[in-house]
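Worksheet for the structure shown next.
Counting from 1, the numbers follow the sequence of the chain as shown.
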Amino acid sequence: MHKKLTRIIFRIGILLVFTLSIQQIAGFYQKTETSRFYPVINYLDFFSAGKEVNKVRPSVVPGGQSIGVTLQTKGVLVVGYAPITNKEGKQSYPAKDSGIEVGDIILKINGITATNDFQVAQEIDKKCKENKTIVLEIKHKEKILEKKIQPVFCSETQRYRIGLFIRDEAAGVGTLTFTEPDTKIFGALGHVITDIDTNDQIELSDGKIVESTIYAIEKGQRGDPGEKIGTFMLQSNFTGKIAKNSASGIFGIYEGEVRNPYFSTIVPIAWKSEVEVGPAKIYTVLKDNTIEEFDIKIEKIMQYRTDNKNMIIRITDPELLEKTGGIVQGMSGSPIIQNGKIVGAVTHVFVNDSTRGYGIFIEKMIDESGITSKVAEADLWRYRPIVNR
């Protein structure tokens, strides 16, 4: 019995060694791009030299184009309180008194879906004229609640109101970071879009990007970040439908022709472990819709950060410093290129030093965009053997 058990253990050992050898040989000849470290495969936790695995390296076309962005919210966002003056001249705040707070999202009015600010105002006035109590379904800090409100007839507007400032969309100018021609996926901004009044993340119902043109620059200075001033182009060369508004940027599917004169083809992304302290380039628009190249320096890399502030960058290009003072609003999303790879995007400016700011790793944006999984899926099918049945 003892000898039989010994033989079984010996055979299992031989099998493990053989399997490990085959795996190592296959890994050596594997043509897929891998991370910097090559871990020993862990069988039943017998080995633990590392946890990194093979990962397909996507390639994208760097952006730099100025884009106009519009977002429609899910429901209607409460951004402030508006006093209502009745016929006696007394002011009141019915919605506030009922517990509605700034940042809440109005989802329904008496069971009818809230789609925009005008519709909400009309529906409230209509229901009150029908002598109905107003019941709002709202989203308050991830909770769905119902609030009963008694509107007041406003002597100034001659309609029933509940005393709120509300908004159903946001718009602004930013920069396209990348496009991927095969999947038609785009990524931009490198940070989430928040409401200007509440500073809360906008819950996306619908949104789009179009090409924009820059006609002026407000130069940044200490304590006062500058800004690109632009307009949406009516005859845009491309458009995009926004599918995601996340901490790493906005992402979606584009159509049309997206051109960057500095890159006639795709370039590989850099893993965060490959980003280096030292010189780099950014691409952005300062006038009309013409992309320009400028010098920067990556001063510090912070791989440990889980947000979109993964590197500190400094503008070193004399021309850019002269025209903008450094990083300005609207430059968010400008791609950063180093050593022939796209390494990240500009995200923030230091308020007290407009020559410096933060950048996000491109690896984060790519992962958030969904490109990684689509490229891996395509690669899987490309190498799947044909079976004759």
Name all residues meeting the salt bridge (Lys or Arg N to Asp or Glu O under 4.0 Å) criterion together with [X]; count only those two or more places apart in sequence or in a different chain, and write none if there are none.
X	value
E101	none
D307	R305
E368	K244

Of all residues at least two apart in sequence or in a different chain, which pass the side chain to side chain donor-acceptor pair (under 3.5 Å) check with [X]?
X	result
K184	none
N237	E211
E255	none
D182	none

Distance (rounded to the nearest 0.5 Å) between I214 CD1 and S66 OG: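 If we round to the nearest 0.5 Å, I214:CD1 and S66:OG are 3.5 Å apart.
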Inter- and intrachain pairs under ring-ring contact (aromatic ring centres under 6.0 Å, His included), touching residues 70-102, at least two apart: none
Residues 156-172, side-chain donor-acceptor partners within the protein, below 3.5 Å, at least two apart:
| residue | atom | partner | partner atom | Å |
| --- | --- | --- | --- | --- |
| Q158 | NE2 | S155 | O | 2.9 |
| R167 | NE | D195 | OD1 | 3.2 |
| R167 | NH1 | D197 | OD2 | 3.2 |
| R167 | NH2 | D195 | OD1 | 2.7 |
| R167 | NH2 | D195 | OD2 | 3.0 |
| R167 | NH2 | D197 | OD2 | 2.7 |
| D168 | OD2 | D117 | N | 3.0 |
| E169 | OE1 | Q72 | NE2 | 3.3 |

Residues that F118 engages under ring-ring contact (aromatic ring centres under 6.0 Å, His included), provided they are two or more places apart: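 Scan of F118 (ring-ring contact (aromatic ring centres under 6.0 Å, His included), adjacent residues dropped) gives none.
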Ring center gap for F294 and Y283 short of 6.0 angstrom: no
Aromatic ring proximity F186/F238, centre distance under 6.0 Å: no
Under the side-chain contact (heavy atoms from CB on, under 4.5 Å) test, residues paired with Q338 that sit two or more places apart: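 So Q338 forms a side-chain contact (heavy atoms from CB on, under 4.5 Å) with V275, E276, A280, I298, V343.
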Donor-acceptor pairs under 3.5 Å, side chain of residues 135-150 to any protein atom, not counting sequence neighbours: which ones?
| residue | atom | partner | partner atom | Å |
| --- | --- | --- | --- | --- |
| K139 | NZ | E203 | OE1 | 3.1 |
| K139 | NZ | E203 | OE2 | 2.8 |
| H140 | ND1 | D104 | OD1 | 2.6 |

